[in-house]
**Q** 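Below is the structure I would like to discuss, written out as structure tokens.
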Amino acid sequence: MEDAREYLEMTRAKMKKVRRMEESLAEHVTKAETVTGVKIAEKVQTSNKATIDATLAAIEEEKKRLEEAQKELEDMLVRAREMIDLIRDDETAWQILWERYILGETWSAIARKMNYGRATVMRLASAGVDAINEKLRHCETS
């Protein structure tokens, strides 16, 4: 049986990784444009063409890896949404889990937004995940 807590945490970790990859790619594109003075989309005809071509190739490879990671994250988020929606009847736990695992919020940000203490938010989230696991177990035995 799949553990909801583990899956949701893996999804959150993938979300963070994709964000870092997006930031890294943006940095590399900006750096390449600054160093070369050429917009990445432009064709280049200079004596630095080999260096620029290597840089462009590296950026293209990074873009491919990012697109693959984004696709994996998309698939993971579909399953995470399905899991969280299993407790749609518990609006508070649902909102906390949605904010945390779909929107990527921190426990502190969720607590502030909902006017709860951080420990309360974490306790409600834990109870929500337990309820998801219970429903997943129930679905398996039915």
**Q** Nearest 0.5 angstrom please: Glu61 CD to Leu56 CG, how far?
**A**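 Atom-to-atom, Glu61:CD and Leu56:CG are 13.5 Å apart.
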
**Q** Just to verify, what does Glu68 make a side chain to side chain contact (heavy atoms under 4.5 Å, CB included) with, not counting sequence neighbours?
**A** none

**Q** Taking the side chain as every heavy atom from C-beta outward, state whether Ile84 and Leu8 have any pair of such atoms under 4.5 Å apart.
**A** yes

**Q** Look at Glu22 together with Arg19 and state whether they make a salt bridge at an N to O cut-off of under 4.0 Å.
**A** no

**Q** Name all residues meeting the side chain to side chain contact (heavy atoms under 4.5 Å, CB included) criterion together with Asp130; count only those two or more places apart in sequence or in a different chain, and write none if there are none.
**A**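 For Asp130 the side chain to side chain contact (heavy atoms under 4.5 Å, CB included) partners, ignoring immediate neighbours, are Arg5, Ser126.
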
**Q** Tell me, please, which residues at least two apart from Arg20 pass side chain to side chain contact (heavy atoms under 4.5 Å, CB included).
**A** Lys16, Lys17

**Q** Answer yes or no: is there a side-chain heavy-atom contact under 4.5 Å between Lys71 and Glu67?
**A**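 Heavy-atom side-chain distance check fails, nothing below 4.5 Å.
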
**Q** Of the non-hydrogen atoms in Ala4 and Leu136, which two are nearest, and what is the gap between them?
**A** CB-CD1, 4.3 Å

**Q** For Glu62, enumerate each residue passing the side chain to side chain contact (heavy atoms under 4.5 Å, CB included) test, keeping only those at least two apart in sequence or located in another chain.
**A**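 If we apply the side chain to side chain contact (heavy atoms under 4.5 Å, CB included) test to Glu62, skipping adjacent residues, the hits are Ser24, Leu25, His28, Arg65.
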
**Q** For a 4.5 angstrom cut-off between non-hydrogen side-chain atoms, does Glu72 reach Val18?
**A** no

**Q** Rounded to the nearest 0.5 Å, what separation is found between the CD atom of Glu23 and the CG atom of Leu66?
**A**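 With rounding to 0.5 Å, CD (Glu23) is 11.0 Å from CG (Leu66).
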
**Q** Got a second to check how far Asp75's CG is from Lys14's NZ, nearest 0.5 Å?
**A**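 Asp75 atom CG to Lys14 atom NZ measures 10.5 Å (nearest 0.5 Å).
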
**Q** Quick one: salt bridge (charged side-chain N to carboxylate O under 4.0 Å, His left out) pairs with a partner in residues 83-92, sequence neighbours left out?
**A**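 Found Asp89-Lys135.
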
**Q** Apply side chain to side chain contact (heavy atoms under 4.5 Å, CB included) to residues Arg79 and Thr11 and explain how you reach the verdict.
**A** CA-CA 9 Å; Arg79 179 71 181 127; Thr11 303; over 6 Å; no

**Q** Can you establish whether the number of heavy atoms outside Tyr116 located under 6.0 Å from its atom OH is more than 12?
**A**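 No, not enclosed.
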
**Q** Between Val78 and Glu82, is the side chain to side chain contact (heavy atoms under 4.5 Å, CB included) condition met? List the steps.
**A** CA-CA 6 Å; Val78 166; Glu82 290 170 354; 3.8 Å; yes

**Q** State, with a plain yes or no, whether a side-chain heavy atom of Ile132 is found less than 4.5 Å away from one of Leu97.
**A** yes

**Q** If every non-hydrogen atom of Ala93 is compared with every non-hydrogen atom of Gly128, which pair is closest and at what distance?
**A**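 Minimum heavy-atom separation between Ala93 and Gly128: CB-CA, 4.0 Å.
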
**Q** Which atom pairs, one a donor and one an acceptor, fall under 3.5 Å between side chains of residues 101-113 and the rest of the protein, sequence neighbours left out?
**A**
| unit_1 | atom_1 | unit_2 | atom_2 | d |
| --- | --- | --- | --- | --- |
| Tyr101 | OH | Glu9 | OE2 | 2.7 |
| Thr106 | OG1 | Ala109 | N | 3.0 |
| Ser108 | OG | Arg118 | NE | 3.4 |
| Lys113 | NZ | Glu99 | OE1 | 3.0 |
| Lys113 | NZ | Glu99 | OE2 | 3.1 |

